[in-house]
Engineer: 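Dropping a structure here in structure tokens format, bear with me for questions.
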Amino acid sequence: MATSVGVKRPQTLDGFFKSPDSKRQRQDTAPTSDDSRASRHSTYPFPIPHLPTDLIDSLGFAPDAEGKLINDQPDLDLLYYQPYVPKSIEKALFRFLRQELFFYRVQYKIKRGPVETQINTPRFTTVFGVDDTSRFAADGGIVDAASNKPVPKDRYKCKPRPLPECLDFLRRITEGSTGETYNFCLVNYYASGSDSISYHSDDERFLGLNPAIASFSLGAKRDFLMKHKPIPPSDQTPLPEPKPLKLPLASGDMILMRGKTQSHWLHSIPKRKSGEADLGRINITFRKALVRGGTENYYQYNVGLGQPFRWDDRKQTMVPWTSG
């Protein structure tokens with residue numbers, strides 16, 4: 001069954017007096033940061049501006065729609081927001097993040113028995129955060145969560161980095177509306193319909209039992225496919241076979257996957273022919289890693305050793321970024 005839950009936030013007087021024309025202008029104009037505020041860290045290749053004030057103001061009303069509970073299949077527990085990000089700013093938020101974040105085209109090798117295979121990630125990725133055993137100090141350094149002392153230099157092979165304010169602001173709003181807490185943000189950019197992610201589940205042990213993952217879509221609409229993992233044969237009376245699920249995630253939508261969803265279901269973003277998909281899509285997921293193994297995993301497979309990329313608005317594509 002699918003039911004509505006949650007309460008849509010009331011609009012303020014400022015919201016009532018903003019004209020439709022002003023909202024339309026914000027949506028159709030590329031956003032720019034209205035001051036020099038930016039997030040900086042030694043692991044960032046360049047500073048990341050804070051969100052413009054008009055985007056911050058509109059996000060204060062999120063979620064823009066009540067979440068629909070989808071739990072009519074075995075082991076499935078979803079909240080589907082259509083949309084979460086207000087329609088007046090979803091295009092501007094997409095363009096801002098695509099322009100201001102840095103991404104990677106990760107390559108890595110996996111070994112299955114004696115065979116080693118080269119994997120080329122079919123999308124752009126980036127990641128921010130650190131697991132629950134550590135936290136970032138005010139100066140950007142990493143300290144132990146229990147002792148508040150700087151962590152040993154060999155605790156991490158990777159170089160964890162804090163969420164920039166533009167993503168941390170969205171994290172705080174998401175925590176408030178979902179009742180969950182998150183310490184990691186993974187961002188994927190699907191440049192065209194050829195970019196995809198195969199069926200998988202986010203059921204890594206470092207996420208703990210029944211993890212909650214909030215997944216945002218911005219930009220082109222893409223199908224989000226889900227199917228139940230194979231059910232082992234049993235002598236008991238068989239239950240109805242779970243049906244595959246397809247959610248047409250539009251710009252501004254958010255889906256919260258929780259409960260037994262990750263341990264029993266797989267999800268994917270399949271390839272699509274040219275069309276709207278070629279306009280590009282950003283996927284932002286918030287999650288919580290409990291141990292340092294999660295930190296190592298996320299940076300290895302979402303940053304790797306390659307150079308960063310940045311959006312070139314003139315060329316309308318991601319290009320390798322070099323200092324200066």
Side-chain angles (χ1 to χ4, degrees), residues 25-34 37-41 44-56 58-59 62 83-106 121-129 161 163-171 173-174 185-197 214-222 224 249-254 269 272 274-286 302-304 306-322:
Q25 183 179 13
R26 285 203 307 273
Q27 189 177 35
D28 296 337
T29 304
T32 57
S33 183
D34 53 9
R37 295 181 304 159
S39 297
R40 294 173 172 83
H41 193 260
Y44 294 1
F46 49 78
I48 302 175
H50 292 192
L51 288 172
T53 302
D54 60 340
L55 299 190
I56 292 175
S58 293
L59 282 171
Y84 187 101
V85 176
K87 283 296 182 184
S88 60
I89 62 163
E90 47 88 4
K91 290 182 180 178
L93 181 60
F94 165 73
R95 287 196 295 267
F96 176 86
L97 294 175
R98 182 172 66 175
Q99 179 67 59
E100 304 300 347
L101 295 178
F102 46 85
F103 293 87
Y104 300 86
R105 199 77 172 189
V106 180
T121 304
R123 60 197 174 280
F124 290 92
T125 61
T126 194
V127 66
F128 303 89
R161 55 198 184 204
L163 275 69
E165 175 59 24
C166 61
L167 292 175
D168 201 49
F169 183 83
L170 184 58
R171 177 193 64 84
I173 291 175
T174 307
C185 179
L186 278 64
V187 186
N188 293 309
Y189 175 62
Y190 298 80
S192 70
S194 297
D195 285 1
S196 63
I197 187 166
S215 179
F216 286 84
S217 291
L218 293 167
K221 179 185 290 186
R222 295 289 293 266
F224 183 78
L249 297 184
S251 188
D253 288 358
M254 190 270 270
I269 299 290
R272 284 293 177 258
S274 60
E276 181 183 354
D278 288 343
L279 299 177
R281 170 185 181 260
I282 284 178
N283 170 233
I284 303 167
T285 61
F286 294 109
N302 294 277
V303 175
Q307 68 183 126
F309 285 74
R310 190 174 188 179
W311 177 256
D312 187 316
D313 201 51
R314 181 176 61 85
K315 296 180 180 179
Q316 290 290 290
T317 190
M318 290 285 177
V319 297
W321 183 89
T322 55

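This chain uses plain numbering: 1 for the first residue, then up along the sequence.
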Engineer: What's the separation between atom CZ in Arg95 and atom CD in Glu100, rounded to the nearest 0.5 Å?
Structural biologist: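 If we round to the nearest 0.5 Å, Arg95:CZ and Glu100:CD are 12.5 Å apart.
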
Engineer: What are the two closest heavy atoms between Pro49 and Pro47, and how far apart are they?
Structural biologist: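 Pro49 and Pro47 have their closest heavy atoms at CD-O, 3.8 Å.
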
Engineer: Specify the closest pair of heavy atoms between Leu51 and Ile56, including all atoms of both residues, with the distance to one decimal.
Structural biologist: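 Closest approach of Leu51 to Ile56: O-CD1, 3.5 Å.
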
Engineer: If I take atom OH from residue Tyr84 and atom CE from residue Met254, how far apart are they, to the nearest 0.5 angstrom?
Structural biologist: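 Nearest 0.5 Å value for the OH-CE distance: 5.0 Å.
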
Engineer: Can I get a per-line list of side-chain donor-acceptor pairs under 3.5 Å for residues 214-222, giving both atom names and the distance, sequence neighbours left out?
Structural biologist:
| residue | atom | partner | partner atom | Å |
| --- | --- | --- | --- | --- |
| Ser215 | OG | Asn283 | ND2 | 2.9 |
| Ser217 | OG | Arg281 | NH2 | 2.8 |
| Arg222 | NH1 | Ser192 | O | 3.3 |
| Arg222 | NH2 | Asp195 | O | 2.8 |
| Arg222 | NH2 | Pro270 | O | 2.8 |

Engineer: Report yes if some heavy atom in the side chain of Val303 is under 4.5 Å from a heavy atom in the side chain of Val127; otherwise report no.
Structural biologist: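 The answer is yes; the side chains approach within 4.5 Å.
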
Engineer: Is there a side-chain contact between Asp54 and Ile89, using heavy atoms and a 4.5 Å cut-off?
Structural biologist: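 The answer is no; the side chains never approach within 4.5 Å.
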
Engineer: Mind checking whether Tyr104 and Asn302 have side chains closer than 4.5 Å, heavy atoms only?
Structural biologist: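 They are not in side-chain contact.
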
Engineer: If you look at every heavy atom in Ile173 and Leu59, which pair is closest and at what distance?
Structural biologist: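 Closest approach of Ile173 to Leu59, heavy atoms only: CD1-O, 3.5 Å.
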
Engineer: Do you know which two heavy atoms are closest between Phe286 and Leu167, and how far apart they sit?
Structural biologist: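 So the two residues come closest at CZ-O, 3.7 Å.
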
Engineer: Backbone N or O of Gly193 within a donor-acceptor pair of the Asp278 side chain at under 3.5 Å?
Structural biologist: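 Yes; judged by distance alone, with no hydrogens or angles, the pair exists.
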
Engineer: Could you pull out the closest heavy-atom pair between Asp253 and Pro83, with the gap in Å?
Structural biologist: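 Where Asp253 meets Pro83 most closely, the heavy atoms are OD1-CA, 3.5 Å.
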
Engineer: Would you say that Tyr189 contacts Leu97 through its side chain, given a criterion of any heavy-atom pair below 4.5 Å between the two side chains?
Structural biologist: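 Tyr189 does not reach Leu97 side chain to side chain.
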
Engineer: Under 3.5 Å, side chain of Ser39 to main-chain N/O of Glu165, donor-acceptor pair present?
Structural biologist: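 Flag set: sc Ser39 to bb Glu165 pair under 3.5 Å.
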
Engineer: About how many Å separate CD of Gln99 and CG of Asp312, when rounded to the nearest 0.5 Å?
Structural biologist: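 Here the rounded value is 8.0 Å.
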
Engineer: Under a 3.5 Å distance rule, please check whether Thr121 uses its side chain to pair with a backbone N or O of Val106 as donor and acceptor.
Structural biologist: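 Confirmed, Thr121 side chain pairs with Val106 backbone.
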
Engineer: Show the nearest heavy-atom pair for residues Ser251 and Lys87, with the distance to one decimal.
Structural biologist: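 Of all heavy-atom pairs spanning Ser251 and Lys87, the closest is O-NZ, 2.9 Å.
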
Engineer: What is the distance from atom CD1 of Ile284 to atom CG of Asn188, rounded to the nearest 0.5 Å?
Structural biologist: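 The CG atom of Asn188 is 10.0 Å from CD1 of Ile284, to the nearest 0.5 Å.
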
Engineer: Do the ring centers of Trp321 and Phe102 come within less than 6.0 Å of each other?
Structural biologist: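 Trp321 vs Phe102: aromatic centres not under 6.0 Å.
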
Engineer: With a cut-off of under 6.0 Å to the ring centre and 45° to the axis, is Arg161 in cation-pi contact with Phe128?
Structural biologist: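 The answer is yes; both the distance and angle limits are met.
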
Engineer: Once the angle between the rings of Phe103 and Phe124 is folded into 0 to 90°, is it parallel (under 30°), tilted (30 to 60°) or perpendicular (over 60°)?
Structural biologist: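 Correct class here is perpendicular.
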
Engineer: What's the spacing between Gln316 CD and Trp311 CH2 if we round to 0.5 Å?
Structural biologist: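 Answer for the CD-CH2 pair, Gln316 versus Trp311, is 4.5 Å.
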
Engineer: With a 4.5 Å limit on heavy-atom distance, are the side chains of Ser196 and Arg123 in contact?
Structural biologist: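 Result no, sub-4.5 Å side-chain heavy-atom pair not found.
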
Engineer: When rounded to the nearest 0.5 angstrom, what is the spacing between CG in Leu249 and CD1 in Ile269?
Structural biologist: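 Result: 6.0 Å between the selected atoms.
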
